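All remarks here apply to the structure that follows.
Worth saying up front: this structure is predicted, and the values here are computed from it rather than measured. The analysis underlying the following values was restricted to heavy atoms, covering all of them including side chains, and did not include hydrogens, waters or symmetry mates. For this chain, numbers begin at 1 and follow the sequence in order. Whatever order the structure lists them in is the order used to number ligands and atoms, beginning at 1.
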Amino acid sequence: MEKLQNKILQEGIALSDSVLKVDRFLNHQIDPQLMQEIGKEFANRFEQEGITKIVTLESSGIAPAVMAGLMLNVPVIFARKKKSLTLTDGLITSKVYSYTKQETNEISVSNKFLEKAEKVLIIDDFLANGQAALALTDIVEKAEATVAGIGIVIEKAFQDGGEILKKKGYRVESLARIQSLADGKIEFVKEKEQ
Ligand code: G4P
Ligand code: NA
Ligand code: NA
């Protein structure tokens, strides 16, 4: 997605060889116009899949997920990282291991909002090692719903999350795929379409 690539080049910062800072439009300040374009792009890529629901993870997945939900005309659920005061019964949970933090956290969704036979599009802001996306697929499958696809805003293609998810048979659509962040330089994977 060219608009997204340009935004990343203009406003993204390669903090290290492996971390891209995009808090000017995605992780802290949010660019609504860009989010809308992102939502449209996800909707285009998944419109044939009969999506009935979108599942994401708080907090940075929510903006792109809501825009995709708006365009596909389906509700959006975000998995919570902390237990909610009002949301205590019927939780479907899964564990996410974080390589950077070296800790395991539990994420949860209420079973009220995820029903059998539902066709779910999983959306997240970043794909690195794939642990968050895998936990979301686990939650969807525990609900006996179907993962129809995984939509990612920025994939770090030099990490193995994309491979892991594709090997498991999931359709992964990443709107920008980063090849390298070495030497403070942002390079995208060369492919016809991004
Ligand atoms: P890991 O697999 O690389 O260890 O990453 P981990 O799951 O621990 O992810 C930690 C957080 O960092 C996640 O956000 C994830 O989306 C984000 N993240 C991973 N790689 C990058 C990167 O290169 N750049 C940026 N900006 N973020 C990255 P989170 O803690 O769930 O936060 P949020 O969703 O509330 O923003
Ligand atoms: Na994040
Ligand atoms: Na995230």
Side-chain angles (χ1 to χ4, degrees), residues 1 4-32 34-35 38-39 41-42 54-69 76-84 93-109 120-140 147 149-168 170 172-189 194:
M1 187 181 164
L4 175 61
Q5 281 197 7
N6 290 338
K7 191 77 166 178
I8 292 169
L9 289 174
Q10 284 157 13
E11 299 190 357
I13 299 163
L15 274 191
S16 69
D17 284 5
S18 63
V19 178
L20 176 68
K21 190 173 168 91
V22 286
D23 65 348
R24 290 185 68 89
F25 62 92
L26 181 59
N27 288 143
H28 193 40
Q29 176 168 258
I30 293 171
D31 181 332
L34 181 67
M35 288 308 127
I38 284 169
E41 185 65 29
F42 282 135
I54 292 175
V55 171
T56 187
L57 178 57
E58 67 172 344
S59 57
S60 297
I62 296 176
V66 167
M67 289 303 182
V76 179
I77 313 174
F78 63 90
R80 288 179 179 273
K81 292 173 179 166
K82 292 211 173 106
K83 294 272 170 343
S84 146
T93 64
S94 188
K95 291 188 164 59
V96 186
Y97 178 72
S98 165
Y99 287 95
T100 44
K101 295 172 194 147
Q102 297 200 358
E103 61 183 28
T104 300
N105 291 298
E106 205 166 60
I107 64 169
S108 55
V109 161
V120 177
L121 172 59
I122 290 172
I123 299 258
D124 209 356
D125 58 337
F126 267 91
L127 176 57
N129 298 297
Q131 299 305 302
L134 275 178
L136 293 174
T137 66
D138 183 42
I139 283 178
V140 171
V147 176
I150 301 173
I152 299 292
V153 181
I154 303 174
E155 175 180 349
K156 293 189 289 183
F158 54 87
Q159 295 187 255
D160 56 6
E163 280 307 307
I164 291 171
L165 296 174
K166 282 170 206 163
K167 261 190 205 135
K168 289 198 161 240
Y170 298 117
V172 181
E173 292 285 342
S174 304
L175 304 189
R177 302 186 70 227
I178 308 243
Q179 173 74 56
S180 168
L181 294 170
D183 305 318
K185 208 167 151 250
I186 301 166
E187 279 178 27
F188 295 99
V189 175
Q194 280 223 22

Among Ile13, Leu15, Ile186, side chain to side chain contact (heavy atoms under 4.5 Å, CB included) partner for Leu181 = Ile186
request  = Check for a donor-acceptor pair, side chain of Gln5 on one end and backbone N or O of Ala176 on the other, with a separation under 3.5 Å.
outcome  = no
inquiry  = To the closest 0.5 Å, what do you measure between OG1 (Thr56) and CD1 (Ile122)?
reply    = 9.0 Å
message = Measuring from atom CZ of Arg177 to atom CG of Leu4, what distance do you get when rounded to the nearest 0.5 angstrom?
response = 13.5 Å
Given side chains that start at C-beta, do those of [X] and [Y] come closer than 4.5 Å, heavy atoms only?
{"X": "Phe78", "Y": "Ser59", "value": "no"}
{"X": "Ile154", "Y": "Asp125", "value": "no"}
{"X": "Lys156", "Y": "Asn129", "value": "no"}

At under 4.0 Å between heavy atoms, which part of [X] makes contact with ligand 1: side chain, backbone, both or neither?
{"X": "Gln131", "result": "neither"}
{"X": "Ile154", "result": "neither"}
{"X": "Ala132", "result": "neither"}
{"X": "Asn27", "result": "side chain"}

Under 3.5 Å between some N or O of ligand 1 and some N or O of [X]?
{"X": "Lys21", "result": "no"}
{"X": "Ser98", "result": "yes"}
{"X": "Gln159", "result": "no"}
{"X": "Leu20", "result": "yes"}

query = Are Gly61 and ligand 1 in contact, using a heavy-atom cut-off of under 4.0 Å?
reply = no
key: N-O pairing of Lys185 and Asp183 below 4.0 Å   = no
note = Nearest heavy atom to atom 36 (O) of ligand 1, choosing from Ser60, Ala135, Ala133, belongs to Ser60
inquiry  = Just to be sure I'm reading this right: ignoring hydrogens, which of Gln102, Lys156, Glu103 gets closest to atom 20 (N) of ligand 1? Compare them by their nearest heavy atoms.
reply    = Lys156
inquiry  = As a test of reading the structure, name the N/O/S atom of Asp125 that is nearest the Na ion (ligand 3).
reply    = OD1
